[in-house]
Amino acid sequence: LNGSAPATNSQLYTKPFYIDKTAHLLAGVFDNDTLYGETTEQQFIVHKATGKTVELTYPNSPQYTGGGSLALVDGIFGNIRSYACWQGFLKNDLEAEVDLEKTIPIHTISVRFLEHTGPYIFLPTRIEFAVSRDNKSYKQVASFTLEKPSHNRPPNIKELSSKFDTLNVRYIQIKAKNIGVCPEWHIGVGEPAWLFVDEIIVY
């Protein structure tokens, strides 16, 4: 956790530990002085929604859970090499409501999506952020419209972020429109498309 690559004199992992602030963890497996394989790295982001309750209007696929009910607010970013941290929605839209548990000031909301068109994973076409104090009356604070791709693109991660004047809120609503089905140029034309999301970040 000090930013240096693991070595034989680094702190030894002996039991689980807690991370309560943003951290970059590096770890390695050693036999005497020999590092086996590559160093493992993981970024942990602690923000105002970390560990809070998320309710989904449409369930994610059991095939891609991202690690469970906290996947969208666990502070762990997904990457292009693995789908382990991503929640996948097959043809379904993402409609998520985050309960911050109490009314607090916030000024930034971000959400990350994966695009990997080869295996039918597309970016959403429209994204909306809204906030509320009472879970009844919502105020939209941002919206984004993304063009549908016209051809296969290299895998990439798209983060949509909005910074606004500080608001005192308890609930955050995220809506992302799934492309629905693979477009006409795609090898899977007409087949259900995936929407992959990994973290709702709030400051």
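Keep in mind the model is a prediction, meaning the values are calculated, not measured.
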Are side-chain heavy atoms of [X] and [Y] found at a separation under 4.5 Å?
{"X": "Asp134", "Y": "Arg170", "value": "no"}
{"X": "Trp185", "Y": "Pro149", "value": "yes"}
{"X": "His47", "Y": "Glu199", "value": "yes"}
{"X": "Thr40", "Y": "Leu26", "value": "no"}
{"X": "Lys163", "Y": "His107", "value": "yes"}
{"X": "Val111", "Y": "Phe113", "value": "yes"}
{"X": "Arg133", "Y": "Tyr171", "value": "no"}

Quiz item: Is Glu115 paired with Arg153 through a side-chain N to carboxylate O contact shorter than 4.0 Å?
Solution: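 Salt bridge present between Arg153 and Glu115.
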Hey, quick one: are [X] and [Y] part of the same hydrophobic cluster, counting side-chain heavy atoms closer than 4.5 Å, chains of contacts allowed?
{"X": "Phe196", "Y": "Ile174", "value": "no"}
{"X": "Leu167", "Y": "Leu100", "value": "yes"}
{"X": "Ile121", "Y": "Ile127", "value": "no"}
{"X": "Leu72", "Y": "Trp86", "value": "no"}
{"X": "Tyr83", "Y": "Ile200", "value": "no"}

Practice problem: Please check if any side-chain donor atom of Thr34 sits under 3.5 Å from a side-chain acceptor atom of Asn32, or the reverse. | Solution: no
Quiz item: Would you say the side-chain atoms of Asn152 and Thr117 include a donor-acceptor pair closer than 3.5 Å?
Solution: yes
Spacing of [X] atom [atom1] and [Y] atom [atom2] [to the nearest 0.5 Å]:
{"X": "Glu128", "Y": "Ser162", "atom1": "CD", "atom2": "OG", "value": "12.5 Å"}
{"X": "Lys21", "Y": "Leu1", "atom1": "NZ", "atom2": "CG", "value": "9.0 Å"}
{"X": "Ile172", "Y": "Lys52", "atom1": "CD1", "atom2": "NZ", "value": "10.0 Å"}
{"X": "Leu35", "Y": "Thr8", "atom1": "CG", "atom2": "OG1", "value": "10.5 Å"}
{"X": "Ser150", "Y": "Glu184", "atom1": "OG", "atom2": "CD", "value": "9.5 Å"}
{"X": "Lys148", "Y": "Thr125", "atom1": "NZ", "atom2": "OG1", "value": "6.5 Å"}

Heavy-atom closest contact ([X] atom, [Y] atom, distance):
{"X": "Ala193", "Y": "Cys182", "result": "CB-N, 4.2 Å"}
{"X": "Ile201", "Y": "Arg112", "result": "CD1-CD, 4.1 Å"}
{"X": "Thr65", "Y": "Asn60", "result": "CA-ND2, 3.5 Å"}
{"X": "Gly66", "Y": "Asp74", "result": "O-OD2, 4.2 Å"}
{"X": "Ser161", "Y": "Thr108", "result": "OG-CG2, 3.8 Å"}
{"X": "Leu160", "Y": "Lys158", "result": "CD2-CG, 3.6 Å"}

Using a 3.5 Å distance criterion without hydrogens, assess whether the side chain of [X] forms a donor-acceptor pair with backbone atoms of [Y].
{"X": "Asp198", "Y": "Phe77", "answer": "no"}
{"X": "Thr39", "Y": "Gly28", "answer": "no"}
{"X": "Lys91", "Y": "Glu191", "answer": "no"}
{"X": "Glu55", "Y": "Glu95", "answer": "no"}
{"X": "Asn178", "Y": "Phe89", "answer": "yes"}
{"X": "Asp99", "Y": "Thr53", "answer": "no"}

Quiz item: Are more than 12 heavy atoms from other residues, nucleotides or ligands located less than 6.0 Å from atom CG of Asp31?
Solution: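 Yes, enclosed.
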Quiz item: Got a sec: does the NZ of Lys48 have more than 12 other heavy atoms crowding it under 6.0 Å?
Solution: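 Yes, enclosed.
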Quiz item: side-chain contact (heavy atoms from CB on, under 4.5 Å) between Gln87 and Leu56: does it pass, once the steps are laid out?
Solution: CA-CA 11 Å; Gln87 273 199 347; Leu56 298 174; 3.9 Å; yes
Self-check item: Qualifying ring-ring contact (aromatic ring centres under 6.0 Å, His included) pairs, either residue in residues 13-36, two or more places apart
Solution: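 Residue pairs with at least one partner in residues 13-36: there are none.
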Quiz item: What pairs meet the ring-ring contact (aromatic ring centres under 6.0 Å, His included) rule with one or both residues in residues 116-143, with sequence neighbours excluded?
Solution: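 Sorted pair list: Tyr120-His186, Phe122-His186, Phe129-Phe144.
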Exercise. Decide yes or no on side-chain contact (heavy atoms from CB on, under 4.5 Å) for Gln173 and Ser132, but give the supporting numbers first.
Key: CA-CA 8 Å; Gln173 191 179 76; Ser132 173; over 6 Å; no
Quiz item: Are Ile45 and Gln43 close enough, and set up right, to give a side-chain contact (heavy atoms from CB on, under 4.5 Å), and what steps lead you there?
Solution: CA-CA 6 Å; Ile45 306 295; Gln43 184 81 14; 3.6 Å; yes
Self-check item: Stepwise side-chain contact (heavy atoms from CB on, under 4.5 Å) check, Val169 with Ile106
Solution: CA-CA 7 Å; Val169 305; Ile106 70 168; 3.5 Å; yes
